[in-house]
Amino acid sequence: MSLLEVKNITAGYDGVSIIKDINFTVSKGEIVCLIGTSGVGKSTLFGVLSGLNIPISGEVILDNENIVGKTGKVSYMLQKDLLFPFKTIIDNVSLPYRLKDSWKSTYSLPTSERIKNVIFKKSIARKKVAPYFKQFGLDGTEKKYPRELSGGMRQRAAFMRTYFMDKPLMLLDEPFSALDEITKNEMYEWYLDISKQLNLTTIFISHSLDEAITLSNRILVMSGKPGQIIKEIVIDKSGEKDFATSNKFMKYKRELKDLLR
């Protein structure tokens, strides 16, 4: 059974359709990549999936609920890590736990009680996330600030914070684009491992064919104006000792290049 069903989504701005008749499903634990030339509507589709954009028509069914126009139903990570520079890493990644209760529940309290409540929430949130630092490869960074971490480590912290939003689906918008090639390859291996460990369900946008093939279970190729899904490619990595240098990998890459021309 599918975790996500996207049905006949058409969306755009000022009466102009950017994407049209988008249909696909995503199963629990899958990593699915959206790929296409700039301006084809990948970000518009993410806006619809996240509830930030209201489509002209269609439905987005997540866990049997129509989430069109409903924010806070998925986890959404943008290209930059967007960590708060004035907060330690543990306070950055535990932020979702602190935001789960409405600020209104404490706003009406006297100032002294409000301060106690904030301190209490911060302590509880830190305790919840602390055991995961080793699993995310961030052991020892808890009290450091973002400026003290490498790009790859900051990106891991951003992933960790996104994970703690505790939503069934993660949307990642070009999550590795700011990293150098060596760090990217390390992050690919790490993300595949952590996704398997935690059974994460992910849709990500990429402009890199190598990245899309390396990480995905399936690739959805978008093209046209308005943008449509013109091809779904299932990535089969079985039977390959080194998939990245295999003939199978190169075959997928040639197919994608032909589709995007």
Just by distance, do the side chain of [X] and the backbone of [Y] share a donor-acceptor pair under 3.5 Å?
X	Y	answer
S2	V26	no
T10	D21	yes
K20	K225	no
K70	N66	yes
S216	I213	no
S27	E30	no
R218	V32	no

Please tell me whether [X] and [Y] are part of a single hydrophobic cluster in this structure, the criterion being side-chain heavy atoms less than 4.5 Å apart.
X	Y	value
L259	I219	yes
L52	F204	no
L171	L215	no
L34	I67	yes
L220	L200	no

Side-chain contact, heavy-atom cut-off 4.5 Å: [X] with [Y]?
X	Y	answer
V74	L4	no
D91	R126	yes
N23	V6	no
E142	T88	no
L192	I31	yes
V68	P55	yes
K144	M153	no
V93	Y132	no

message: Are F176 and Y188, when compared by the centres of their aromatic rings, separated by less than 6.0 Å?
response: yes

If you compare all heavy atoms of [X] against all heavy atoms of [Y], which two are closest, and at what distance to 0.1 Å?
X	Y	value
V234	Y252	O-OH, 3.4 Å
A125	Y97	CB-CB, 3.9 Å
M222	I19	CE-CG2, 3.8 Å
N199	G29	OD1-CA, 3.4 Å
M165	Y76	SD-N, 4.2 Å
L179	G152	CD2-N, 3.9 Å

Within this structure, what is the [atom1]-[atom2] distance for the pair [X] and [Y], rounded to the nearest 0.5 Å?
X	Y	atom1	atom2	value
S43	I18	OG	CD1	11.0 Å
N185	M187	CG	CE	11.5 Å
S75	R161	OG	CZ	11.0 Å
Y13	I56	OH	CD1	10.5 Å
L209	F249	CG	CZ	8.5 Å
I205	E174	CD1	CD	7.0 Å

Are there more than 12 heavy atoms of other residues, nucleotides or ligands under 6.0 Å from atom [atom1] of [X]?
X	atom1	result
K28	NZ	yes
K237	NZ	yes
K251	NZ	no
I54	CD1	yes
E189	CD	no
D258	CG	yes
K184	NZ	yes

- request: Test W190 against F136 for side chain to side chain contact (heavy atoms under 4.5 Å, CB included), laying out the working first.
  value: CA-CA 8 Å; W190 170 80; F136 276 80; 3.5 Å; yes

- prompt: Can S238 and D236 be counted as having a side-chain donor-acceptor contact under 3.5 angstrom?
  reply: yes

message: Could you check whether D193 and Q197, counting side-chain N and O atoms only, form a donor-acceptor pair closer than 3.5 Å?
response: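 Yes, D193 and Q197 have a side-chain donor paired with an acceptor closer than 3.5 Å.
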
query: What do the steps show when you test L45 against I22 for side chain to side chain contact (heavy atoms under 4.5 Å, CB included), and what is the final call?
result: CA-CA 9 Å; L45 178 54; I22 301 293; 4.1 Å; yes

Audit row: F159, I194, side chain to side chain contact (heavy atoms under 4.5 Å, CB included) steps and yes/no: CA-CA 10 Å; F159 277 126; I194 201 73; over 6 Å; no

Side chain to side chain contact (heavy atoms under 4.5 Å, CB included) evaluation trace for F164 with L95: CA-CA 8 Å; F164 286 127; L95 193 59; over 6 Å; no

